Every structure is written in structure tokens, then in C-alpha cells.
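Keep in mind the model is a prediction, meaning the values are calculated, not measured.
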Amino acid sequence: MAEKVSGEMSEDSSDSAAAVSQDLRSVLVTSVLNLEKLDKDLYRGTHHWVPRTRRLFGGQIIGQALVAAAESVGENVLAHSLHCYFHQFTMPSVPPPEDLLTGEELIQLYLSKPDLAEKAKQGLNKLLADEVPIEIKPVNPPDFYRCVAMEPKKLYWVRARGHIGKGDMKLHCCVAAYVSDYSFLDTALLPYPGQRATFLASLDHAMWFHNTFRADEWMLYETESSWTGGSRGLVQGRLWRRDGVLAASCAQEGVLRVKALTTSAVTNESKL
């Protein structure tokens, strides 16, 4: 009898599991992932489940997006890969670019110091001689000698020199790609005072474009490093329009070779 009961329970359990599975599939297909077609390649979904956090469930949004994509192509076309973007960052509150000094003006300020070491003057003058095709206004500029540990995060306003115009978004994206790599990887060195980079090289650089923007208008570039070690660094960046809209995101891993600054350089910095 024990074996018979066990067998009956096993059969009932199997039927119950099948029923639950069938119900789950039915709910997912007919309700949770079901979309209303509004127009060609335009669909509207309904939110069905609110987790304890009271936030949208990303899995449903991803699934609905893939349903919309599948409905927009033929039955013989299958998905290869997908990427989903959830932007929940807020643009940092910083002074406007009109209230900040340019990189060149900051260098001139350093050069005006009477006790600046001669070697430092030569290095700064070389920086001034470089013709950089973009304008930069740092929000939180580090000390020239980097003798104080800082959070691995930088903020600076940036724009292309000259006029590009608003007609060619592809060109603005190309300019933003150039901007995205400028002074990016050395963000990872800010927590390490007394160290100077002797070699920097990108290993992997990725960029995502989210909204339209003008690369010849001021945008805030927010860069931060989440990890550094083994002569490598990982940095992320967010490029914001002035109205607070996230225009693009970036990520890069690179090689870092550093050496300690000389004692005389550190001593001179302490006098500035």
C-alpha cells in the first residue's frame, strides 16, 4: 500500500507540475510578454509585476523588447544577441563652464608661481605648445604633481574647437569618440600620489550612444575608475549634455606603467 500511495502521489505531483508549467507558459506568453501593436514596428506593453523594491522588472522589459523585435521580422529570422540599456544615473551638479578656467588658463596659473621648479616649467610649456582640437574646463583639477591622493573620479566640461553645426549627427558621434579617450585612463591613477605615468595604452575601448548631442557645445564628461591592479586600469565615462541628458557612455581597460616622482619634485610641490 505504501508503494501504491507513493506511486499515486508521484503521478499527481507530475500532473500538478505539468499544469503549473503550462499555466506559467500561458501567463508569460498571453499576458506578461504580450504586446499591443500600435503601428508598423511600434508596440506597447503593460507592466504586470512589481517586486518588493517597487521597481520595474528588467526581465520583463527585456523579454517584451525581444518580442517586439521578433514581430518586426520574418519567422525564419532568429535572435543572435541583444543588449539592453537601463540609464538610472543623474548628471552631477557642477559649476557651469563659464565659471571655470580652461586647461590652458590653469597651466598659466601654475607658471605664474615664483618657486616653480625649472623642470616643471619646461613640462608645462610643452603642454601649452600642444595644439589640442578640443576645449577642456576641469571641474576638479588635480595638483600638477599629484602629491595628494584623490578619489578616482574626474569631471570636466569639454567641446570641440570651432563650429561643426547640428546637421550631421554622425560627425558629432565621431568627434565624441575622439573626446572619449582624452585624459580617460589616467583617472585610475588619481588615488596614487607621487606616481607619474610613463606609459599608457588602451586595451579595450567601448562606447554607447544614447541621445543626440552637439560635440561643438559644452558637455560634461564624468570619468571614474572602479579597479586598478596588475599594471592595468578599468575606467568608465558618461558624457552629459548641459540639459542633464546622458548623451553617451564609455568604458576602457588599459595598460599603466608608472614611476615614482623625484623627491625634489615632491618638495617643490609642497611649497606651491
Side-chain angles (χ1 to χ4, degrees), residues 83 85 87 89-111 123-142 144 146 150 152-190 197 199-225 233-256:
H83 295 269
Y85 309 107
H87 310 305
F89 296 103
T90 302
M91 181 177 176
S93 179
V94 299
E98 292 79 13
D99 295 346
L100 298 172
L101 298 176
T102 65
E104 291 84 356
E105 290 170 334
L106 285 170
I107 291 176
Q108 293 288 3
L109 190 61
Y110 275 117
L111 287 171
L124 290 171
N125 280 311
K126 286 182 180 179
L127 289 177
L128 281 179
D130 291 337
E131 294 185 3
V132 182
I134 55 178
E135 295 181 82
I136 296 175
K137 290 192 173 185
V139 176
N140 58 339
F144 177 69
R146 291 184 178 176
M150 296 180 64
K153 185 172 183 177
K154 290 195 298 185
L155 293 162
Y156 50 94
W157 292 99
V158 62
R159 68 179 177 184
R161 295 187 187 274
H163 178 76
I164 297 176
K166 62 180 180 180
D168 193 343
M169 189 59 211
K170 292 181 180 178
L171 183 56
H172 285 289
C173 288
C174 295
V175 174
Y178 175 92
V179 170
S180 69
D181 193 38
Y182 192 85
S183 192
F184 194 21
L185 188 57
D186 58 4
T187 306
L189 294 177
L190 292 179
F199 180 79
L200 296 175
S202 302
L203 292 175
D204 185 12
H205 189 98
M207 195 167 186
W208 300 264
F209 298 99
H210 312 307
N211 290 283
T212 58
F213 58 89
R214 290 275 302 272
D216 55 353
E217 295 181 347
W218 287 116
M219 291 190 293
L220 182 68
Y221 197 21
E222 177 186 14
T223 70
E224 58 186 338
S225 174
L234 181 65
V235 289
Q236 295 88 30
R238 289 180 286 275
L239 199 58
W240 300 91
R241 293 190 332 208
R242 288 196 67 164
D243 59 0
V245 172
L246 183 62
S249 298
C250 314
Q252 182 182 104
E253 184 189 34
V255 174
L256 301 166

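Counting all heavy atoms, side chain and backbone alike, S225 lies closest to V235 at CB-CG1, 3.8 Å. Contact between S180 and C250 at its shortest, heavy atoms only, is CB-SG, 3.6 Å. What you find for A176 and F209 is that their closest heavy atoms are CB-CE2, 4.4 Å. The heavy-atom pair separating L189 from A197 by the smallest distance is CD1-CB, 3.6 Å. Here the closest non-hydrogen pair linking L220 and P92 is CD2-CD, 4.1 Å.
Among M91, E224, H210, the one residue that satisfies the side chain to side chain contact (heavy atoms under 4.5 Å, CB included) test with R238 is E224. Put simply, the residue from Y182, W240, F184 that forms a ring-ring contact (aromatic ring centres under 6.0 Å, His included) with Y221 is F184.
Put simply, the side chain of I134 reaches to within 4.5 Å of the side chain of V158, judged on heavy atoms. Taking 4.5 Å as the limit, every side-chain heavy atom of V94 sits out of range of all side-chain heavy atoms of L100. Residues E217 and R159 form no side-chain contact, since every pair of their non-hydrogen atoms from C-beta on lies 4.5 Å or further apart.
Put simply, CG on L190 and CG on N140 are 8.0 Å apart, with the number rounded to the nearest 0.5 Å. A distance of 13.5 Å separates CD1 in I107 from NZ in K126, rounded to the nearest 0.5 Å. Of the inter-residue distances, the one linking L200 atom CG with L185 atom CG reads 5.0 Å to the nearest 0.5 angstrom. Distance check: T223 OG1 to D186 CG gives 8.0 Å after rounding to the nearest 0.5 Å. For the atom pair S202 OG and E253 CD, the distance stands at 10.0 Å (nearest 0.5 Å). Atom OG1 of residue T212 and atom CE of residue M169 lie 6.0 Å apart, to the nearest 0.5 angstrom.
E98 is linked by a salt bridge (charged side-chain N to carboxylate O under 4.0 Å, His left out) to R242, counting only residues two or more places apart in sequence or in another chain.
Listed for the K137 side chain is no donor-acceptor partner under 3.5 Å among the backbone atoms of W218. Judged by distance alone, the side chain of D216 and the main-chain N or O of A160 form no donor-acceptor pair under 3.5 Å. A donor-acceptor contact shorter than 3.5 Å links the side chain of W157 to the backbone of P95.
Checking H87 against S249 by side-chain atom types alone, no donor-acceptor pair falls below 3.5 Å.
Ring geometry for H172 against F213 counts as perpendicular: the plane angle is over 60°, on a 0 to 90° scale with 30° as the lower cut.
Among pairs with a residue in residues 161-185, those fulfilling salt bridge (Lys or Arg N to Asp or Glu O under 4.0 Å) read E104-R161, at least two apart in sequence or across chains.
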